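Because the structure is predicted, anything quoted here is derived from the model rather than measured. Just so it is clear: chains get the letters A, B, ... in the order the sequence lines come, proteins before strands, and each one is counted from 1.
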Amino acid sequence: MEKFAVHGGMKRSSTEDARSPRKKIKLESDERMEEEEEEFSHPVPWSKIEAEGLDCDYAQLFSKEEADHLFKQLEEEVAYSTEEEAKVQVFGKVYNIPRKQATYGDEGLTYTYSGVKRSACPWTPTLEYIRDAVTKTTGQTFNFVLVNRYKDGRDHIGEHRDDEKELDPLCPIASVSLGAARDFIFRHRDARGKQSRRQIEPVKLELAHGSLLLMNSPTNTFWYHSLPARKKVSQPRINLTFRRILLDRKK
DNA sequence: CCTAATTCAACCTG
DNA sequence: CCAGGTTGAATTAG
């Protein structure tokens, strides 16, 4: 079978990379974090992940220490939907989703997940901090984040595309991983099903603690992705997918 | 008529 | 042969 895609390779940032140890994160409860100007560009080595119709960039955004701290903060701050609220109905059957979810974002934004519309909670300090770190390294801005928490290797998500109508199709989706490393698998839409006319290998990654995966257009048009169960994983993982949601044109 | 996310079973691999 | 991974089929209402 195919090896996992190689990390490290070409870089994307213009600067001469080199891991400058980044400043420690301090999240004092009432202190608004002001980022200094010198923090504006974070030079981070990127690896490019490419296939037909697939275009992703992967980087280690946070050091282990920073990522540990952020994980802890999120464990305290994030309020997930209850099992009751998160039930999903497909083909007439009701399921508990095998993970926990929360939605945060700018005021008034709503997110629809398999028919259920929920409004975004206001940003927490840690989520804002991470959002801004992503913006600094990518130049992209986001108004929404979907938080998924996988309590161990049995929690997972099946193959899907992030093709919700309300998403800005040209804005990349930025996926930040904290906690246990998990496999992440892309499959081309034409390579699925019994008599798929095309034989396209899946693209497999491992998403590390503190990493950032940018999924650029048109990846989501052609490729499904999943986070499969991994029985040997016993620790939790929190995934943040930052998105740009188009504002509803109110009539 | 079209669209849904998950479970499960069957097959594959080490 | 077992455990675990991978794939595809099944599943129903609005």
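- Between the A:His209 side chain and the A:Leu178 main chain, no donor and acceptor come within less than 3.5 Å of each other.
- Salt-bridge annotation for A:Asp68 and A:Lys72: absent, with no side-chain N of the basic residue lying under 4.0 Å from a carboxylate O of the acidic one.
- For A:Arg99 and B:dA5, the shortest distance from a side-chain N or O to OP1 or OP2 is not below 4.0 Å.
- Distance, A:His160 NE2 to B:dT7 C1': 17 Å, rounded to whole Å.
- Following rounding to the nearest Å, A:Asp152 (CG) and C:dG4 (P) show an atom-to-atom distance of 13 Å.
- Checking the phosphate oxygens (OP1, OP2) of B:dT6, no side-chain nitrogen or oxygen of A:Arg154 falls inside 4.0 Å.
- Here C:dT7 presents its C1' atom at 13 Å from CD of A:Gln199, a figure rounded to the nearest Å.
- Applying the 4.0 Å criterion to OP1 and OP2 of C:dT6, one finds that A:Arg230 has a side-chain N or O inside that range.
- The distance from atom OH of A:Tyr95 to atom C1' of C:dA10 is 9 Å, rounded to the nearest whole Å.
- The A:Arg187 side chain lies nearest to C:dT7 when the options are C:dG4, C:dT7, B:dT6.
- Residue A:Phe91 contributes atom CZ, which lies 13 Å from atom C1' of B:dC1 at whole-angstrom precision.
- Between the NZ atom of A:Lys231 and the P atom of C:dA3 there is a distance of 10 Å, rounded to whole Å.
- Put simply, NE2 on A:His188 is 20 Å from P on C:dT6, counting in whole angstrom units.
- Taking only side-chain nitrogens and oxygens, A:Lys232 never comes nearer than 4.0 Å to OP1 or OP2 of C:dA3.
- When each of B:dT7, B:dA4, C:dT6 is scored by its nearest atom to the side-chain atoms of A:Val90, the top-ranked nucleotide is B:dA4.
- Every residue was checked against the ring-ring contact (aromatic ring centres under 6.0 Å, His included) condition with A:Phe71, not counting sequence neighbours, and none meets it.
- Using cut-offs of 30° and 60° for the angle between ring planes, the A:Phe222 and A:His188 rings count as parallel.
- Contacts of A:Pro98 with the nucleic acid, taken as non-hydrogen atoms under 4.0 Å apart, involve only primed sugar atoms and P, OP1 or OP2.
- The only option from A:Arg187, A:Arg161, A:His160 that meets the side chain to side chain donor-acceptor pair (under 3.5 Å) definition with A:His225 turns out to be A:His160.
- Look at A:His156 and you'll find a side-chain N or O under 4.0 angstrom from OP1 or OP2 of B:dT7.
- Summarising the geometry, the separation between CD on A:Glu201 and C1' on C:dT7 is reported as 13 Å, rounded to the nearest angstrom.
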